[in-house]
2 protein chains.
Amino acid sequence: MTNIHDIAKQAGVSVSTVSRVLNNYKYVASDKRAAVLDIIEALNYTPNKHAIDLIRGETRNIGVILPYNNNTAFDQLLHGILNKASKQDYLITVLPSQYDKAKEIGYLEKIKSKLFDGIILTSRANDWEKIVPYSQYGPIISCEFTEQPEIGCAYTDRYRSFLDALQLLKNKGHQAVAFTTARLASNSTTQIIAAYQEIFGDIPAGYHITNCQSLDDGYAAAQQFMQLPERPSAIYANGDEVAGGIYLYAQSQQLQIPSDVAIIGQENQPVGIGLGLSTVDHQLTKIGEQALNLVIHRSKEKVNIPYQMVERQSM
Amino acid sequence: MTNIHDIAKQAGVSVSTVSRVLNNYKYVASDKRAAVLDIIEALNYTPNKHAIDLIRGETRNIGVILPYNNNTAFDQLLHGILNKASKQDYLITVLPSQYDKAKEIGYLEKIKSKLFDGIILTSRANDWEKIVPYSQYGPIISCEFTEQPEIGCAYTDRYRSFLDALQLLKNKGHQAVAFTTARLASNSTTQIIAAYQEIFGDIPAGYHITNCQSLDDGYAAAQQFMQLPERPSAIYANGDEVAGGIYLYAQSQQLQIPSDVAIIGQENQPVGIGLGLSTVDHQLTKIGEQALNLVIHRSKEKVNIPYQMVERQSM
DNA sequence: CTAATTGATGAAATGCATTTCAAGTCAAGC
DNA sequence: GCTTGACTTGAAATGCATTTCATCAATTAG
């Protein structure tokens with residue numbers, strides 16, 4: 001491989017001068033600059049990124065830890081991150097963790113090895129105490145709220161959002177509200193359970209189904225809900241794909257929506273538009289964008305992104 | 001930052017010995033090894049990845065150029081790539097191009113600068129002649145077929161798949177078959193048009209709608225198709241989300257599926273399972289996995305992944 | 001009891017570009 | 001005529017870990 005020394009030799013200047021040309025410094029005689037540029041062109045030279053990163057100690061590469069790489073919600077987050085990154089000339093490396101603690105730590109170690117300038121955590125498997133120490137090597141930003149002072153976050157207030165949505169259902173006269181969630185151990189699930197209890201009290205048996213991700217999970221969940229002795233009059237799904245499945249099952253049973261059963265989804269995903277599903281938009285794309293901003297500014301701010309109720313016909 | 005010299009000094013050995021410990025060589029006296037390990041622990045040392053990459057000339061980082069970062073099909077590809085990469089201990093950097101030629105070239109330049117060991121092209125904006133020269137710096141693998149000898153690819157035979165699907169519809173008695181596509185300028189669109197002409201001859205006016213990506217695009221397309229003086233009896237959608245939209249529109253019009261209108265989608269996506277949509281599975285996840293294999297083996301093979309017909313109730 | 005291994009270790013070279021420091025030229029200002 | 005500031009430029013230090021080469025000790029084989 002040809003390197004900066006080769007260029008210097010061929011152009012009859014010192015490496016410093018080549019470096020100056022490469023980095024567009026003023027104070028390089030125009031004939032030398034031209035000569036260097038010519039040789040660079042002739043030798044088809046490109047500076048070695050590792051050498052640059054090594055000496056500069058900066059990479060413009062951000063790692064994004066995401067548990068699932070085929071989940072619409074994380075895709076939305078990633079979408080926002082990529083948008084902003086692309087504009088700011090940052091590169092994004094995706095780090096799939098499957099909620100594996102060791103894997104997650106492995107990725108965090110990479111910030112210590114200087115591979116990344118910062119890391120965005122879309123969700124996490126480890127306790128904060130395991131994660132926080134890594135923030136001394138570079139900014140770590142969470143897409144969920146955290147009170148950890150060392151960790152900046154861009155988040156939406158899930159608890160309030162759940163309270164709002166459930167209260168809205170209650171106000172519309174629903175007493176029998178069922179809901180679906182993804183991972184039982186997630187932050188989001190904890191929040192909705194708390195909100196549910198706040199609004200409706202104890203969760204009736206069978207009114208909460210977990211591990212719902214896709215449209216057919218929703219379909220299956222709806223089937224279960226509808227076989228319950230006391231059928232729910234409204235269902236709050238943890239995503240619009242799941243809500244879509246619920247909608248389709250209801251429709252297959254000739255149930256009227258929303259009179260027989262009301263449905264609300266989350267995240268305002270494309271499937272919901274066609275089906276006219278009401279949804280709570282947690283603004284995941286915006287959260288992603290904001291998270292990226294926080295990393296590149298090495299900020300430890302807590303940025304609250306307001307969620308949005310999108311009322312369509314299913315509620 | 002503490003570096004390998006610090007460790008060497010504190011442990012009373014040479015940097016070579018530290019390096020040997022770091023890389024698990026035999027032939028290090030166990031007491032020295034222990035001493036080094038102790039100091040590493042005490043000083044909380046992690047080797048600098050840039051220094052390693054610089055000297056090794058290898059990164060275990062693969063770039064994946066993808067035009068859209070919020071498109072289900074590319075997500076499936078990426079999903080496959082990430083799965084394999086994670087297992088093989090490779091990192092994936094996603095490079096969103098929006099089909100911008102300059103951006104794409106910019107990403108390819110990065111393989112020249114040694115940032116990536118290889119690049120996977122899920123789709124491309126530039127002509128091959130612009131892309132091929134970069135393959136001298138590292139493997140470039142395409143997820144579409146190419147006859148370029150320098151470029152390995154993992155692909156499915158789109159033309160055959162389209163021929164098959166359309167022939168199947170014809171055999172079932174359909175003469176009026178409409179179809180949707182994504183970008184007009186894409187490889188896939190070119191193939192389906194050719195296949196269509198092969199099977200059915202000229203495309204009737206209004207029988208081809210482009211720029212369909214999401215469920216509501218499908219919904220809108222169906223609406224247009226159904227207003228045509230000669231209504232199609234079957235629609236071949238360019239994805240299951242789009243097919244889902246078509247399904248929902250048809251249902252909203254009390255049309256029987258498949259007797260009034262048959263629908264086939266592509267890619268076997270979750271939405272299709274719930275709706276019972278027939279689909280042609282182009283095995284995007286497998287293609288992604290295979291593409292990653294090709295990069296890490298620096299192979300220029302052309303690997304054909306067979307597509308699969310998935311017959312459900314919509315056809 | 002030599003010759004040939006195996007084991008252990010450090011000095012120095014290597015990979016590559018950036019940046020600081022010192023030094024030198026030349027023209028403008030007093 | 002001398003000082004000062006704007007330009008130019010190169011040598012050398014820097015960032016960090018790997019690897020080759022040479023050396024030396026301790027065995028083992030013959």
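Naming: A, B, ... by sequence-line order, numbering from 1 per chain.
A cation-pi arrangement is present between B:R60 and B:Y90 under the rule of less than 6.0 angstrom and at most 45 degrees off the ring axis. Figure legend: cation-pi geometry between B:R183 and B:Y99, with NZ or CZ positioned under 6.0 Å from the six-membered ring centre and within 45° of its axis. Geometrically, A:R20 does not engage A:Y27 in a cation-pi contact, judged by NZ or CZ lying under 6.0 Å from the ring centre and within 45° of the ring axis.
When each of B:V15 and A:M1 is assigned the nucleotide of DNA chain C bearing its nearest heavy atom, the one mapping closer to the 5' terminus is B:V15. Comparing B:N48 and A:K26, the nucleotide of DNA chain D nearest to each residue sits closer to the 5' end for A:K26. Comparing B:S14 and A:N3 by the nucleotide of DNA chain C whose heavy atom lies nearest to each, the residue mapping closer to the 5' end is B:S14.
If you check every strand for non-hydrogen atoms under 4.0 Å, B:V18 touches nothing. The residue A:I52 sits close only to the backbone: its heavy atoms come under 4.0 Å of sugar-phosphate atoms, none of a base. Across all strands shown, A:R20 has heavy atoms under 4.0 Å from base atoms, whether or not it also approaches the sugar-phosphate. Within the nucleic acid shown, A:T17 comes within 4.0 Å of sugar-phosphate atoms alone, with no base atom in reach, counting heavy atoms only. The residue B:S16 sits close to a base: some heavy atom pair falls under 4.0 Å.
Taking atom OH of residue A:Y27 and atom C1' of nucleotide C:dA23, one finds them 17 Å apart after rounding to whole Å.
Contact footprint of chain B on DNA chain D: nucleotides with an atom under 4.0 Å from a non-hydrogen protein atom, first to last in 5' to 3' order, D:dC16 to D:dT20.
Between the B:H50 side chain and the A:K114 main chain, a donor and an acceptor come within less than 3.5 Å of each other.
Listed by chain and number, the residues in a side-chain contact (heavy atoms from CB on, under 4.5 Å) with A:R56 are A:N23, A:I52 (sequence neighbours excluded).
Just one of A:K112, A:E109, A:E150, A:K110 meets the side-chain hydrogen bond (donor to acceptor under 3.5 Å, both in side chains) condition when paired with A:Y134; it is A:E109.
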